[in-house]
Number of protein chains: 2
Amino acid sequence: MSYSISEIAKMLKIRYYDKEGLFPLVKRINGIRVFEDKDFPWLRMLNCLKNLNMPIKKIKEYVDLALKGDETLKARYQLILEQEENIQKQIKELKYYKKQIDFKKAYYEKAIEAGTEEVVKDWPNPEATLDVDELPNKGNIGNRR
Amino acid sequence: MSYSISEIAKMLKIRYYDKEGLFPLVKRINGIRVFEDKDFPWLRMLNCLKNLNMPIKKIKEYVDLALKGDETLKARYQLILEQEENIQKQIKELKYYKKQIDFKKAYYEKAIEAGTEEVVKDWPNPEATLDVDELPNKGNIGNRR
DNA sequence: GCTTGACCTAGAGTTAACTCTAACTTTTAC
DNA sequence: GTAAAAGTTAGAGTTAACTCTAGGTCAAGC
């Protein structure tokens with residue numbers, strides 16, 4: 001089974017990504033892109049990296065490595081390892097900020113109950129630092145801010 | 001204790017955020033911003049929203065609501081609830097993509113061991129769909145892509 | 001054969017979030 | 001009092017990731 005570009009374009013911003021060189025291996029008939037089942041694992045992988053906030057240029061690097069074949073296996077493995085760390089950091093970061101949000105949630109619940117923010121104005125924040133070193137790092141091992 | 005802008009600027013891109021109207025309540029002496037301990041909970045909150053990928057304009061809306069006082073308590077509470085959902089979705093999404101990354105990790109480990117990708121080329125992907133409906137939604141309740 | 005519609009491209013335009021520059025003021029150190 | 005350091009601003013420039021436009025090709029249906 002094959003897929004037309006309009007079908008695929010609903011799922012990803014295909015033309016743009018193709019322009020950026022992200023799928024050099026997709027078949028063409030008379031210049032028209034024809035996606036096949038075999039392309040899907042690749043599309044899924046690109047979609048994954050994109051949603052992990054990897055910049056297009058970095059994804060392109062990965063594509064170029066993949067094109068070079070077996071000699072770049074270790075480099076690609078390295079990139080995957082970085083993404084694994086990246087995911088862990090992002091989850092950690094989200095959980096960190098969840099504390100702040102949960103605090104504010106309770107804060108507003110109490111304030112709404114009382115009809116005024118006055119009663120909660122001096123509730124202590126969950127953590128008293130803004131020091132960058134104590135904030136989780138942004139999940140940015142090579143990925144965008 | 002107070003803090004100079006250069007001290008604060010290391011932590012956040014203060015001048016830019018101020019320009020965007022994100023801290024209208026910070027004190028000034030002869031036009032120079034003077035941050036005080038009382039400002040920190042606010043700065044932390046802005047930092048939190050920023051790191052949850054809320055666009056500056058949306059953060060500004062929150063700031064403007066806060067300035068209006070008690071009449072906007074419910075609206076602000078609503079915004080916080082959205083962020084709570086947003087965090088849950090983002091964590092879910094990250095865990096989803098982690099499966100893909102873990103698959104690739106094992107894939108490359110095997111390929112490196114064998115010296116060639118050939119041996120793993122036909123390993124089945126963890127999930128066989130690219131259907132947008134089956135992918136977790138991007139964590140974007142009002143937040144940027 | 002001709003219109004319609006789905007596809008193609010190059011390139012211009014848009015948007016968000018910075019980032020830098022230049023010219024000015026205020027504070028600090030001697 | 002004066003020079004340097006650190007603060008200020010408006011506004012121009014940058015970058016990434018789209019998004020749109022204009023003009024063109026090609027196959028299908030009438």
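None of these values were measured; they are calculated from a predicted model.
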Grab the [atom1]-[atom2] distance between [X] and [N] for me, whole Å please.
| X | N | atom1 | atom2 | result |
| --- | --- | --- | --- | --- |
| Glu61(A) | dA16(D) | CD | P | 12 Å |
| Asp18(B) | dG7(D) | CG | P | 14 Å |
| Lys13(A) | dC18(D) | NZ | P | 4 Å |
| Tyr16(A) | dA10(C) | OH | P | 15 Å |
| Asn53(B) | dA16(C) | CG | C1' | 12 Å |
| Asn51(B) | dA17(C) | CG | C1' | 14 Å |
| Glu20(B) | dT15(C) | CD | P | 15 Å |
| Ile59(A) | dA16(D) | CD1 | P | 13 Å |

query: Taking only residues two or more places apart in sequence, or in another chain, which ones meet Lys95(B) in a side-chain contact (heavy atoms from CB on, under 4.5 Å)?
result: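 Testing Lys95(B) for side-chain contact (heavy atoms from CB on, under 4.5 Å), a comparison that skips the adjacent residues, returns Ile91(A), Ile91(B).
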message: Please tell me if Tyr17(A) has a side-chain N or O lying less than 4.0 Å from either OP1 or OP2 of dA17(D).
response: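 No, because none of the side-chain N or O atoms of Tyr17(A) sits under 4.0 Å from OP1 or OP2 of dA17(D).
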N or O in side chain of Arg33(B) less than 4.0 angstrom from dT9(D) OP1/OP2: yes
Please list, one pair per line, the donor and acceptor atoms closer than 3.5 Å that link side chains of residues 61-69 of chain A to other protein atoms, with sequence neighbours excluded.
| unit_1 | atom_1 | unit_2 | atom_2 | d |
| --- | --- | --- | --- | --- |
| Tyr62(A) | OH | Tyr108(B) | OH | 2.7 |
| Asp64(A) | OD1 | Lys60(A) | NZ | 3.2 |
| Asp64(A) | OD2 | Lys60(A) | NZ | 3.1 |

message: According to salt bridge (Lys or Arg N to Asp or Glu O under 4.0 Å), who are the partners of Lys110(B), at least two apart in sequence or on a separate chain?
response: Glu113(B)
task: Go through the structure and list residues passing salt bridge (Lys or Arg N to Asp or Glu O under 4.0 Å) with Lys105(A), not counting sequence neighbours.
output: Glu84(B)
task: Output the distance between atom CH2 (Trp42(A)) and atom CG (Asn125(B)), rounded to the nearest 0.5 Å.
output: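 Result: 11.5 Å between the selected atoms.
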List every contact pair, protein side and nucleotides 11-13 of chain C side both N or O, where the distance is under 3.5 Å.
| unit_1 | atom_1 | unit_2 | atom_2 | d |
| --- | --- | --- | --- | --- |
| dG11(C) | N7 | Lys19(A) | NZ | 3.1 |
| dG11(C) | O6 | Lys19(A) | NZ | 2.9 |

task: May I ask you to decide whether Arg28(A) forms a salt bridge with Asp18(A), counting only side-chain N to carboxylate O separations under 4.0 Å?
output: yes
query: Of Ile59(B), Ile56(B), Leu22(B), which is the lone residue that meets side chain to side chain contact (heavy atoms under 4.5 Å, CB included) with Lys50(B)?
result: Ile59(B)
task: Could you tell me which non-hydrogen atom of Asp70(A) sits nearest to which non-hydrogen atom of Glu117(B), and how far apart they are?
output: OD1-N, 2.8 Å
Which atoms of nucleotides 26-28 of chain D (N or O only) lie under 3.5 Å from a protein N or O atom, and what are those distances?
| unit_1 | atom_1 | unit_2 | atom_2 | d |
| --- | --- | --- | --- | --- |
| dA27(D) | OP1 | Asn30(A) | ND2 | 2.7 |

query: Starting at the 5' end of DNA chain C, which residue's closest nucleotide do you reach first, Lys57(B) or Arg28(A)?
result: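 Between the two, 5'-proximity favours Arg28(A).
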- prompt: Picking from dA16(C), dA17(C), dT8(D), which would you name as closest to the side chain of Ile56(B)?
  reply: dA17(C)
Nearest to side-chain heavy atoms of Arg15(A), which nucleotide of dT9(C), dC18(D), dG7(D):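 Of the candidates, dT9(C) comes closest.
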